[in-house]
Amino acid sequence: MSKNVFVIAEQRDGELQKVSVELIGKANDLAKDLGQEVVAVVLGEKVEKLAETMIHHGANKVIVVEDPMLKEYVTEPYAKAVFEIIKKYDPEIVLYGASSIGRDLAPRLAARIHTGLTADCTGLDIDPETKNLMMTRPAFGGNLMATIVCENHRPQMATVRPGVMTPLENNTSLTGEVIVEDIKFTEEDMNVKVIEVSKSEKKKMDITEANVLVSGGRGLGGPEGFEKLQELADLMEGEVSSSRANVDAGWIEKDRQVGQTGKTVRPGVYFAMGISGAIQHLAGMEESDLIIAVNKNESAPIFDVADLGIVGDLNKVLPKLIEEYKKVKAQKEAID
Ligand SMILES: Cc1cc2nc3c(=O)[nH]c(=O)nc-3n(C[C@H](O)[C@H](O)[C@H](O)COP(=O)(O)OP(=O)(O)OC[C@H]3O[C@@H](n4cnc5c(N)ncnc54)[C@H](O)[C@@H]3O)c2cc1C
C-alpha cells in the first residue's frame with residue numbers, strides 16, 4: 001500500500017536548494033495528517049553530506065543516490081533513478097520544487113508511472129475525509145485558483161512554487177535514517193551529453209533568496225526610478241524587485257516581478273516604494289518579516305500589510321532614506 005510523503009530534493013553544485021527544505025517543512029504537515037513519514041530523496045555525485053541538513057529540517061529518512069552520471073541534472077538518468085525509487089518504495093505523495101529542474105523531471109515521472117501531476121502549486125492540504133491531497137494552483141494567469149485532486153492513482157504528485165512553503169527551524173537534535181540506494185546506470189541511460197554548464201549573471205540573481213528587497217511600483221514614474229532603488233538595495237546588500245505594472249511597462253525584467261504571477265518572496269525586509277498593494281501583489285510578499293511602505297496616498301492598501309508606513313512622495317523620502325542609511329552604516333563601521 002502506498003505510504004509516506006516523498007520530497008525530491010534539489011542540489012546544484014552540491015548545494016541543497018532552499019525549495020527543498022521548504023518542501024520538507026510542508027511534507028511534515030501532510031505526513032502528520034496522514035500519520036506517515038517524510039522521506040527526502042537526493043541525487044548527485046557526492047551528496048550524502050546533504051542528508052544531515054535535511055534530517056535537521058524535518059526529514060525522517062533520506063534516500064541517497066550517488067553516481068558520477070548524476071553530477072549535473074540531466075533528464076534521463078534522474079528520471080530513471082527517481083522512477084526506481086518510486087517503484088521500490090511506493091510513496092503516497094511525491095513533491096518536487098517548481099524550478100526548471102523539478103518542472104522538467106516531474107512530468108517525465110508522471111507519464112512513466114501513469115499518475116497525476118499538478119504543476120506550480122501554491123497550496124497543499126490533506127482532505128480530512130478522503131485523505132487525498134488537495135493541490136491548489138493559480139490557473140488562467142492567476143485569475144482562478146484551482147484545487148486539483150488525484151483520486152485513483154498513486155503517488156499523488158505536485159511541483160510546488162519556491163518561496164511559498166515555510167521550512168522548519170534547523171533542529172540539530174533531530175535524527176533520521178540515511179539509506180543509500182545503488183542504481184546502475186549505463187551509457188544508454190544518457191542520450192544527452194553535458195559539454196559545459198555556464199551561469200549567466202542574470203541567473204545568479206534570485207529575488208527569492210534576497211534578505212532585503214527594495215521593490216518599486218508605478219509610483220517610481222519611469223525606469224530611471226530603479227536606479228535610486230538600486231542604490232538603496234546595494235547599501236543594504238539586497239536586490240531590487242518590482243510590481244507587475246513596471247514589468248508590463250518594460251521598465252524592468254520579468255524575473256524581478258513579485259506577486260501572484262511573479263515570484264513569492266519572504267525577505268527579512270521588503271520595501272514597497274510607490275506600490276499600491278493590489279491583492280495580486282500582496283499574494284507574493286505579505287509573508288515578509290518586515291514590510292516598509294512609502295506611498296503618497298495614505299489610503300493605499302499596501303498600508304494594511306505594512307509594519308512601517310511613510311506617507312509621502314518617494315522622490316523626497318527615498319534620498320532621505322539613503323542618506324540616513326549611509327550615516328548609520330558609517331557609524332556602525334566606525335564601531336566595528
Ligand atoms: C490575473 C492578474 C495577475 C496579476 N499578477 C500580479 C503580480 O504578480 N504582481 C503584481 O504586482 N501585480 C499583479 N497584477 C496587477 C495588479 O492588479 C496591479 O495592477 C499592480 O500590482 C499595480 O502595480 P503598482 O502598485 O506598481 O501600480 P499602481 O496600482 O498604479 O500603484 C502606484 C502607487 O504608487 C503611488 N505613487 C505614485 N506616485 C508616487 C510618488 N511620487 N511617491 C509615492 N507614491 C507614489 C500611488 O499612490 C499608487 O498607490 C495582476 C493582475 C491580474 C489581473
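The residues of the chain are indexed from 1 along the displayed sequence. Read the numbers this way: they start at 1 and go in the same order the structure lists the ligands and their atoms.
Scanning for side-chain contact (heavy atoms from CB on, under 4.5 Å) contacts around K18 gives E22, E209, with sequence neighbours left out. Scanning for salt bridge (Lys or Arg N to Asp or Glu O under 4.0 Å) contacts around E286 gives an empty result, with sequence neighbours left out. When the side-chain contact (heavy atoms from CB on, under 4.5 Å) test is applied to R218, the partners found at least two apart in sequence or on another chain are A245, N246, W251.
The minimum heavy-atom distance between V38 and G58, with the atom names listed, is CB-O, 4.0 Å.
Between the side chains of D104 and Y73, a donor-acceptor pair is found at a separation under 3.5 Å.
Listed by chain and number, residues touching ligand 1 at under 4.0 Å (heavy atoms only) are G141, N143, G217, R218, G219, S243, R244, A245, Q257, V258, G259, Q260, T261, G262, G274, I275, S276, A278, Q280, H281, N295, K296, N297, G312, D313, L314, N315.
A donor-acceptor pair is defined here as one N or O able to donate and one able to accept, closer than 3.5 Å; such a pair exists between the side chain of N4 and the backbone of E37.
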